[in-house]
Amino acid sequence: MELVGKAPNIRRSVAAAGAASLLAQVVLLREMLAFSQGNELILGAVLGVWLCLTAAASVLGTLPAWDASRARRGLYLLLGSAPLGYLASLALTMLAAPDALGEAAALQWILAASVAALLPACSVGGLAFSWAVMASGEPRTTAIYVAETAAAAGAGLLFHFLLGEHLADGWILVVAGGCCAGAAVGVAWSEWRWKSLWLPSAAMLAAAGLSPWVSATVERSHFPGEHVMSIRPSRYGLLAVLSRGDQRVFSQDGVLLFTSEDQVAAEETVNLPLLLHPSPRRVLLLGGGLGGGLVEVLRHDPERVDYVEVDPGLLALVGTLGAADTRAALADPRVHVVTADGRSLLRQAAPSYDLVIVHAPIPQNALMARYSTRECFEDARHALAPGGILAVVTPGSDTHLGEAASQRHGAMLVTLKNVFPFVGVAPGAETIFWASNLLVDARPTVLAGRLRQRELHPVQTGPTWLFDRLLPMHGASYQRAVATASTVESRDFRPVVYLLGLLENLQRLSPRLAKAVMALRYSPKPWIAAAVALTLVFMGWGLWHKRGAPGLAAAIAGGVGMSLQLVLLVAYQSLRGHLYHALGLMLAGSMAGMALGAWLAGRFARRVPLAHALAAIGGVALVIVAALSVAPTLPGFVGAAVVPLLLLVGGTTGAVYPLAVQASARASGAHLYAWDLVGAAAAAFFTSVAAIPLLGLSAVALVCAALVGVAIAANAAKA
Amino acid sequence: MLSRRDFFRSCGGAGCLLAAAGATGGVLLPAQRAFAKSTPRAHPARFWKKLPQKAVECELCPKHCKVEDRERGFCGVRENRDGEYVTLVWGQPCAVHLDPIEKKPLFHFRPGSRAFSIATAGCNLECKCCQNWDISQSKPEDVDFQFMPPDEVVRMAREYDACVTFTYSEPIVFLEYCIDTATAARKAGVRSTMVTGGSGESAPMKEALKVLDAVKVDLKGFTENYYRRMCKGKLEPVLKTLEVIRGSGVWLELVHLCIPGQNDGEGEIRDMCRWVKQHLGTDVPLHFTRFHPEFQMKNVAPTPNATLVRCREIGLAEGLSFVYTGNVPGLAGEDTGCPRCHKTVVFRRGFELLEMHIKNGRCEFCGAVIPGVWS
């Protein structure tokens, strides 16, 4: 029986696949992030795997030389069985599950598991695009591309505003599968009528029946052998509370946050900063409070403690399941809990704090790195009362700082010294930096005296501990370790500490790979060799393979589009703070821009050369460079301009695809789609993990403009 | 045939690429300072034998690495150079620190005193939970070391009125340095201690024990499966080392780091305590310490306090006289009790000595001998 259908059904089917793919992508990436303990290095790699697998599926889909009818049949079967495919992907994420809670799997194993887990879901997205193009004909490629990106934008909004916080991952995938199942019926209804319901209905029923079991099994695999008291999604990840007898363990996306028995750790991070100030009456605590830090601060009897915790879901959990003394501290009238972005609070605060304590863990993502930048320290300086002290607590070492750690510490020290005239450090497993406009008396005798004055009897951080921690010999060892460290200060728009944190985490996952990456960072030879090789390759390609130019344009547009998006997202976070829903809105806006750009290019600009569309992307990149340069003086304006700029980036990169299809005499729409995804995959990994932290936002945008120039040169048409 | 337009197109594109590379290099390279690496000095190694064709076999630890010319053993700090085995860490510690002796932990060795602690890079195990992985899993050229010959170590220890302690990474891999330094320390009247995983061969250990005053051994687990999976090592050699140390008369204490779900099962703990009692005696102190997330177990939660208390109770029930909890100041199990009158003879809080009621190695209350080195 042949399936011959109308083009709108095909577009709807691709739209459904696009929406479903986005939902599946977010859910599966979140699972992989949880299994890899929130490491953004892994996220970048897994996102790259997703895009590459989708590209591969798109190309593979063109191999069978099907006519329109066969392609529609293939599309029906694919979309009809998609609900089970997505659930299979979710189940396969357990390949990356640790043997025991908290253990890091090997990097190569996580990547291999990603490929296996994402294969079913990526196949749906890639094959659906290819077969939709086959089913409706090449001239409708642009319409299909527009439908897919527009639907993905809508799905992004749906997830962030509704589904993400209220549905378990399994059910979100059932919703995604439902979109595909409905589209499958749409593809085949006109011919098969009620018979077209069989496959999608069966798949949906099976998926709905299996979903709770799969979800529960995947959830349990995050916590092998543990007694789970609570699991709930929050805006910032999957929160879990485990019980081990009297101990309560709080984690987020597999990352250990704190336990109910962390009194000693809390003492070690909070007591020293509080003793450095002769009389801390107003204290601001950014992070680290729920694991006992708040309790310790209150022992020093301040008048007011402002505690910032960005995740209301975590606060709610601690309010019911946390340690008794922490719950009591949260209810103390002196404590004011603020659920907002800490950087915004610092920026807006009056100069009233005697002490600001910032907990700066090894940054797993760019968001965390914002608390180790010059701008953050400047905001903190303005929030300090005369004689106030900023204390920054960050992981270090009792005995020896490794290379990546000493680089990170060096960057933080340099950044602090560029803002404050007086900076001190107490090295240790939790290293404490302090900075002030006035010289701080950090003699152990003085601090021990304050302990007595305040009638404090800490369990661990008594006079002996103070003398040991501040021993000149230990300080000298530390200074020697950071003497050859980085001298580059960390900025919001060039978060060097973020890269160094990633390297530290990489050292744990794969010491050999970390060593190779660090060697690459310091040696100019590989970079020069790569630049020369790329130049020679381009020269050869440009002369001998002109027909590959549209593919090059698609790849560069995809890569540059992804890079500029990341640049704008990081800029937004730095300027306006992290607002989870706003990020979802921005990503959806970018995709909507792509859809709009593709539609406009396909409809109204058929006679516009590809090179002109590429030039538009280059122009947007240069506008971003200009905007970033004025951001320090006009932060409000530039912050508000990020969303329109994202729409422009989306619109200009979206316009390239239909024009590339038009210009290409050889590659099919599916091939060009694959090139687009490959470019985006490379950018997803390289830009977020290396380029932005190393080069800074402006330089990345400039490099993007230069790469666009390459694509323009390759596609400049003959008269 | 290449047209003029094509030529200029290619040049334009190449120019853009070079500009991109230039922008990258221009921003990236000047601002970085490479980690200043020194070349470690070689020093003749001991405890090895020659093999044919310039190969050598190391006899320091049970791995018995067979090392070809210009290669290194598993530990990464001993190298074959033209058929001669050398150590690359002699006199080159990368970690130098002053700690309370209770931090090692050595509770029955001069309480309240200090340990001048040194370590080099390298280790013959690969523990997933290693607290000092930065140095233990590094090669000598990858760490920031300083040259500190034995006399200098002893001089600094005397300056701080401390004993010398070989610790942090794995002293067995720098045993030549330990022996030479401990020998110099003994001549100068300074005591020496060692903190080790215990995975060493008997002959080298006996050599070292001649000049050591105390040893603390990490008994990481009590099953071969644990040692293989978590440490890439073996249990049997560690047990053998414990018997060698006990037989030498050098003061011995044990530590078992309790990792939730890995080595804290009641059966395993009981077996361990029974073995200690049978083979080492009831007087050997055993510490059950709290695990702290580190290295490849960064997100494993610390040991619950109740687990440490339970392990201690098992140890006491099995007849061991001195069983402690560690890394949780304030938790029951930090103090030393007299095995006869059961009064507390040493009060501690964390690493701090509060009170001591031991005189000439005996309980002040009933006169019972309290095993240890008290002065």
Side-chain angles (χ1 to χ4, degrees), chain A residues 37 100-104 225 244-247 249 251 254-256 259 261 264 397-403 405 459-460 462 464 468 471 473-474 477 480-481 484 486-488 508 511 515 521-522 524 527 531 534-535 538-539 542-543 694-696 699 702-703 706-707 709-710 713-714 716 718, chain B residues 2 5-6 9-10 12-14 16-21 23-25 27-29 31-36 94-100 117 119 128 132-135 137-138 142-144 146 168 260-262 293 295-302 304-307 328-330 349-352:
Chain A
Q37 296 159 19
L101 178 67
E103 284 187 43
R244 290 171 173 177
D246 292 335
Q247 186 192 51
V249 180
S251 73
V255 177
L256 175 68
T259 76
E261 296 178 342
V264 171
S397 174
D398 263 339
T399 53
H400 177 271
L401 269 185
E403 182 171 353
V459 171
Q460 171 82 334
T464 308
D468 277 341
L471 203 61
M473 186 184 91
H474 298 157
S477 291
R480 200 175 51 245
T484 54
S486 171
T487 56
V488 179
R508 293 168 200 276
K515 192 174 166 184
R521 207 171 148 247
Y522 298 122
W527 299 100
L534 272 176
T535 307
F538 172 74
M539 294 285 283
L543 289 172
L694 270 178
L695 303 180
L702 274 175
V703 169
L707 288 173
V710 170
K718 287 185 180 179
Chain B
L2 180 66
R5 190 184 185 94
D6 285 344
R9 278 198 305 124
S10 298
C16 288
L17 262 177
L18 287 173
T24 305
V27 173
L28 175 67
L29 296 171
Q32 308 306 316
R33 288 166 63 183
F35 191 81
C94 57
V96 178
H97 219 252
L98 194 65
D99 292 326
S117 305
K128 289 184 181 180
N132 297 298
W133 63 276
D134 266 351
I135 56 175
Q137 305 305 309
S138 293
D142 295 334
V143 297
D144 178 26
Q146 52 184 310
Y168 302 140
Q262 299 291 341
F295 195 27
Q296 294 175 342
M297 302 183 78
K298 193 75 176 151
N299 290 294
V300 176
N305 294 344
T307 300
V328 189
R349 189 176 55 216
F351 303 141
E352 201 165 343

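Residue numbers begin at 1 in each chain, while the letters A, B, ... track the order of the sequences. For clarity, every value in this text was computed on a predicted model and none was experimentally measured.
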Sort out for me which of T259(A), L471(A), D398(A) touches chain B most, counting heavy-atom pairs under 4.5 Å.
D398(A)

Taking side chain as everything from C-beta outward and backbone as N, CA, C, O, which of these in E352(B) sits under 4.5 Å from a heavy atom of chain A? Side chain, backbone, both or neither.
side chain

Greatest number of non-hydrogen atom pairs under 4.5 angstrom with chain A, of V328(B), N305(B), I135(B), falls to N305(B)

Applying a strict 4.5 Å limit to non-hydrogen atoms, the region of D468(A) in contact with chain B is side chain

Does D134(B) reach the side chain of C94(B), with side-chain heavy atoms less than 4.5 Å apart?
no

Listed by chain and number, what are the side-chain contact (heavy atoms from CB on, under 4.5 Å) partners of S477(A), not counting sequence neighbours?
R480(A)

Let me know if V459(A) has heavy atoms under 4.5 Å from chain B in its side chain, its backbone, both or neither.
both

Can you say whether P304(B) sits under 4.5 Å from chain A via the side chain, the backbone, both, or neither, judging by heavy atoms?
both

Please identify each residue that fulfils side-chain hydrogen bond (donor to acceptor under 3.5 Å, both in side chains) with N132(B), with sequence neighbours left out.
T399(A)

Look at the aromatic rings of Y168(B) and H97(B) and report parallel, tilted or perpendicular, splitting at 30° and 60°.
perpendicular

Look up atom OG in S138(B) and atom NE2 in H400(A), then write down how far apart they are to the nearest 0.5 Å.
7.0 Å

